[in-house]
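Residue numbers begin at 1 in each chain, while the letters A, B, ... track the order of the sequences. Everything quoted here is computed from the prediction, not taken from an experiment.
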There are 2 protein chains.
Amino acid sequence: MIRLSKKVEYGLIAIRHIATKPAGEIVTAKEIADTYGIPYELLSKVLQKLTKSGLISSHQGMRGGYALARPPVEIPVSVIINAIEGTRQAIVQCMSEGPQTCTVFTVCTIKSPLTKVQANIERAFSTMTLSEIV
Amino acid sequence: MIRLSKKVEYGLIAIRHIATKPAGEIVTAKEIADTYGIPYELLSKVLQKLTKSGLISSHQGMRGGYALARPPVEIPVSVIINAIEGTRQAIVQCMSEGPQTCTVFTVCTIKSPLTKVQANIERAFSTMTLSEIV
DNA sequence: CTAAAGTGGACTTGTACGGTCGTATATTAT
DNA sequence: ATAATATACGACCGTACAAGTCCACTTTAG
């Protein structure tokens with residue numbers, strides 16, 4: 001019915017994996033990729049996005065890798081998703097585009113009721129923090 | 001972040017349109033397509049699915065069209081979505097496939113926590129009935 | 001009989017996603 | 001210094017799927 005992207009899946013698995021390690025321990029992308037059998041290159045991209053948005057910190061070079069940048073309790077799942085997907089999208093097109101680009105704007109009837117549903121979904125993702133999925 | 005398909009969008013708009021009419025009044029697909037500027041053929045397919053799942057009743061032939069099959073209060077939005085999308089999917093792959101086809105099943109760590117999120121989403125869609133979006 | 005409606009299969013097309021490759025850059029161990 | 005090991009990042013490919021289109025058929029009111 002509604003599906004998270006592979007990237008988000010991988011991101012959640014990865015950041016959870018990192019979170020299970022003792023604080024400050026550095027984990028390589030390769031370790032994660034091997035552990036869960038997910039493509040290394042793709043995972044790397046995801047980890048880079050998580051780095052750019054400040055959820056994890058990266059350490060380049062030999063003996064490098066990734067570590068959590070903040071305590072897991074402070075990271076809601078929704079933040080992880082947004083970090084990976086970038087453009088946050090609404091459940092119906094009208095809601096994420098400006099009114100002017102929506103061809104059926106004047107007659108679109110389902111937008112406002114679905115806002116409630118949208119809010120519920122957002123809440124479902126934002127009330128759960130990383131600490132709960134470790 | 002998560003998006004309903006166009007078909008579902010059209011389906012919701014359409015069934016809402018039908019629901020606003022006096023009970024028993026018949027509405028043609030063309031009328032709906034014209035009113036909201038959505039492609040007629042595509043809308044037809046959607047309406048056919050809604051018909052097959054018994055949410056609306058169809059009347060063939062001249063002066064035919066569609067009407068609600070049940071009172072709107074009894075129709076949760078989730079039922080409409082399921083009718084149109086057919087295969088109900090989970091937010092992560094592991095959850096909708098059998099365990100044997102999931103390559104990372106034994107090591108997949110995010111499945112069970114996400115079940116909670118999934119349940120929340122389901123609830124968001126199933127607690128809202130058609131009568132609320134009219 | 002015919003016009004207006006639904007039914008339904010086949011087809012095209014665009015695009016986003018998952019995945020891959022290659023190269024550059026940074027850091028550390030020796 | 002240099003080799004080894006890691007991230008960073010852009011370019012590319014292939015496929016699946018969503019969205020949309022086309023067309024032939026059936027049903028029924030008038």
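- In this structure, Q48(B) CD and S53(B) OG are separated by 12.0 Å, a value rounded to the nearest 0.5 Å.
- Put simply, the side chain of E74(B) never gets that close to the backbone of P71(B): no donor and acceptor are under 3.5 Å apart.
- Close to dA5(C), at under 4.0 Å from its OP1 or OP2, lies no side-chain N or O of Y66(B).
- Residue K6(A) has its side chain nearest to dG19(C) when only dG6(C), dG19(C), dT20(C) are considered.
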Treating primed atoms plus P, OP1 and OP2 as sugar-phosphate and everything else as base, which nucleotides of nucleotides 23-30 of chain C get B, S or - for protein heavy atoms under 4.0 Å? ---BBBS-
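- Residue contacts for K49(A): at a heavy-atom cut-off of 4.0 Å it reaches no nucleic acid atom on any strand shown.
- Along DNA chain D, the stretch of nucleotides lying under 4.0 Å from any heavy atom of chain A spans, 5' to 3', dA4(D) to dA11(D).
- Here the straight-line distance linking atom CD1 of I15(A) with atom CG of L68(A) works out to 6.0 Å at 0.5 Å rounding.
- Using a 4.0 Å heavy-atom criterion, one finds that K7(A) contacts the sugar-phosphate atoms exclusively.
- In this structure, I56(B) atom CD1 and dA5(C) atom C1' are separated by 14 Å, rounded to whole Å.
- Per the geometry, CG belonging to L42(B) stands 15 Å off C1' belonging to dA10(C), to the nearest Å.
- Between atom CD1 of residue I32(B) and atom CD1 of residue I18(B) there is a gap of 4.5 Å, rounded to the nearest 0.5 Å.
- At a cut-off of 3.5 angstrom, the base of dG6(C) holds no donor-acceptor pair with the side chain of K45(B).
- L43(A) places its CG atom 12 Å from the P atom of dT20(C), with the value rounded to the nearest Å.
- Listed by first then second residue, pairs satisfying salt bridge (charged side-chain N to carboxylate O under 4.0 Å, His left out) with a partner in residues 20-33 of chain A read K21(A)-E31(A), K30(A)-D34(A), not counting sequence neighbours.
- I26(B) and I13(B) are not part of a single hydrophobic cluster, where members link through side-chain heavy atoms under 4.5 Å apart.
- Whole-Å rounding puts the R3(B) CZ to dC17(C) P distance at 11 Å.
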Test salt bridge (Lys or Arg N to Asp or Glu O under 4.0 Å) applied to E85(A) and K49(A), step by step: CA-CA 9 Å; E85(A) 307 231 306; K49(A) 290 203 171 180; over 6 Å; no
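- In terms of modelled atom types and a separation under 3.5 Å, the side chain of R16(A) and the main chain of L130(A) share no donor-acceptor contact.
- The side chain of S58(B) places an N or O atom within less than 4.0 Å of a non-bridging phosphate oxygen (OP1 or OP2) of dT7(C).
- Looking at which nucleotide of DNA chain C each of S5(A) and Y40(B) is closest to, the 5′-most match is held by Y40(B).
- In R70(B), the CZ atom is crowded: over 12 heavy atoms of neighbouring residues, nucleotides or ligands sit closer than 6.0 Å.
- With rounding to whole Å, I38(A) atom CD1 is found 9 Å from dG19(C) atom P.
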